[in-house]
Amino acid sequence: MAQRYRPSDLTLIFVILVTIGGLFQTYVSVLTLPRALDEKTSRSYLSISKLTEYIPAPIESFLIENAVKIGFHTNGPQEGCRIWKDPEATSTSVHFQLQLFLEDLNEYNELVDNFKPQFLDLRTQINETSREDICQTVELHKDGLMAVFAKSQQLSLTSAGYVEPLLPPMRHPSFCEIGYKRLLDLNYMVHDFGAMCRSLKATSRVVLFDMGASLQFHGKRGSPAIYLTDLYERFGFPFDHIYAFEIKAKDPGEVFRLLPPKLLSAYHWINVGVSPEPDHPLNPFTILKQRFNKDDLIIVKLDIDTPAVEMPLVRQLLGDDELIELVDQFYFEHHVQLAEMKPYWGKQVEGTVKDSLDLFHELRRKGVAAHFWV
Ligand SMILES: *[C@@H]1O[C@H](CO)[C@@H](O)[C@H](O)[C@H]1NC(C)=O
């Protein structure tokens, strides 16, 4: 005979289920708490390869929520510099926070410039017992990066640690004031090498996929890609593989004359255009998925100046969970209708500044530390 539940039994069962559900949620959120927020759970943080939660800086959240109101979604070009120049574009308090962030950023860059590495390659030092001490040597402040940004507290927390908040004009804010001379200034990006070190293994490979890899374009001032490889190297992450794709035919003698000799052993120069077609041999993500795994530190830079090719690649990344898991840092010059860049980008643009904020925010939310590139 089937047992029948009385209403009071059902209530009890309901209460028990809710309690179990609540406990489970607490358990899950403890597991996913970033180390910086809860020292006691650092072990469980280390055991999962990617944080599932993205915590944007307050100013980034504000801009995402108010993008339409600010005018980042209008017909025709949108002015990214307004938020830096005009307190009324946002609010006096947001404008003030932006200024504080800029002060913190300058201090951060001074620390990066003065950083003296203790190890040429962190991987040769790391094991389960030494990890914390070794990774502490690449921290710019003993209490972590947020302590460097103490005045503004405006950093976003991704699966790869802290990064700069997503801010128009999608490059260094001093470009708004000084113009062309700061067009390629990359010192608006924030890298959390302490956090990257904590997920490094002795067997991890450090890999760069460089799509749009011309070294010539930037002349004497050095290529932005070299800035990136130098930065990682200086913090103890020398590159094992650099896949450099470039569609414009170059004289190989010239390519290897411009290349810093220390990169030669890692450099794969592929002087053809990338294919945006998934699984095509010349789609860089094909090699990435075939040859590398989630223990590797994988950096992808996408700057091919053609929305028709770059957007399918970004959409592929966004829609492919395996790729999301593999790619750690993503640098992408998203060519949208940003008024200040019109003289440089011309008609090769697609979408609005709001679209760009949403895209990068979504990449970060999914677990890729995405940065605007120049
Ligand atoms: C771990 O690495 C440190 C130095 O990085 C070394 O002194 C120590 O012997 C290593 N321990 C083990 C168990 O390999």
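Each ligand, and each atom within it, is numbered from 1 in the order the structure gives.
- The option with the heavy atom closest to atom 12 (C) of ligand 1, from among T124, N127, I126, D133, is N127.
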Side-chain donor-acceptor pairs under 3.5 Å in residues 144-154, sequence neighbours left out?
from: K151; atom 1: NZ; to: E103; atom 2: OE1; distance (Å): 2.9
from: S152; atom 1: OG; to: D104; atom 2: OD2; distance (Å): 2.7
from: S152; atom 1: OG; to: Q154; atom 2: N; distance (Å): 3.2
from: Q153; atom 1: NE2; to: A150; atom 2: O; distance (Å): 3.4
from: Q154; atom 1: OE1; to: I59; atom 2: N; distance (Å): 3.0
from: Q154; atom 1: NE2; to: Q97; atom 2: OE1; distance (Å): 3.1

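- Atom 9 (O) of ligand 1 lies below 4.0 Å from none of the non-hydrogen atoms of the protein.
- Between Y108 and H191, the shortest heavy-atom distance links the atoms OH-N, 2.9 Å.
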Check your understanding: Going through the checks in order, is the salt bridge (Lys or Arg N to Asp or Glu O under 4.0 Å) test met by R198 and E132?
Key -> CA-CA 7 Å; R198 283 182 196 95; E132 198 40 54; 3.2 Å; yes
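- Heavy-atom contacts of S130 reach the following atoms of ligand 1: 1 (C), 2 (O), 3 (C), 5 (O) (cutoff under 4.0 Å).
- Residue Q125 has at least one heavy-atom neighbour below 4.0 Å for each of these atoms of ligand 1: 2 (O), 4 (C), 5 (O).
- Under the 3.5 Å distance criterion, with hydrogens and angles disregarded, a donor-acceptor pair is assigned to the side chains of H335 and D305.
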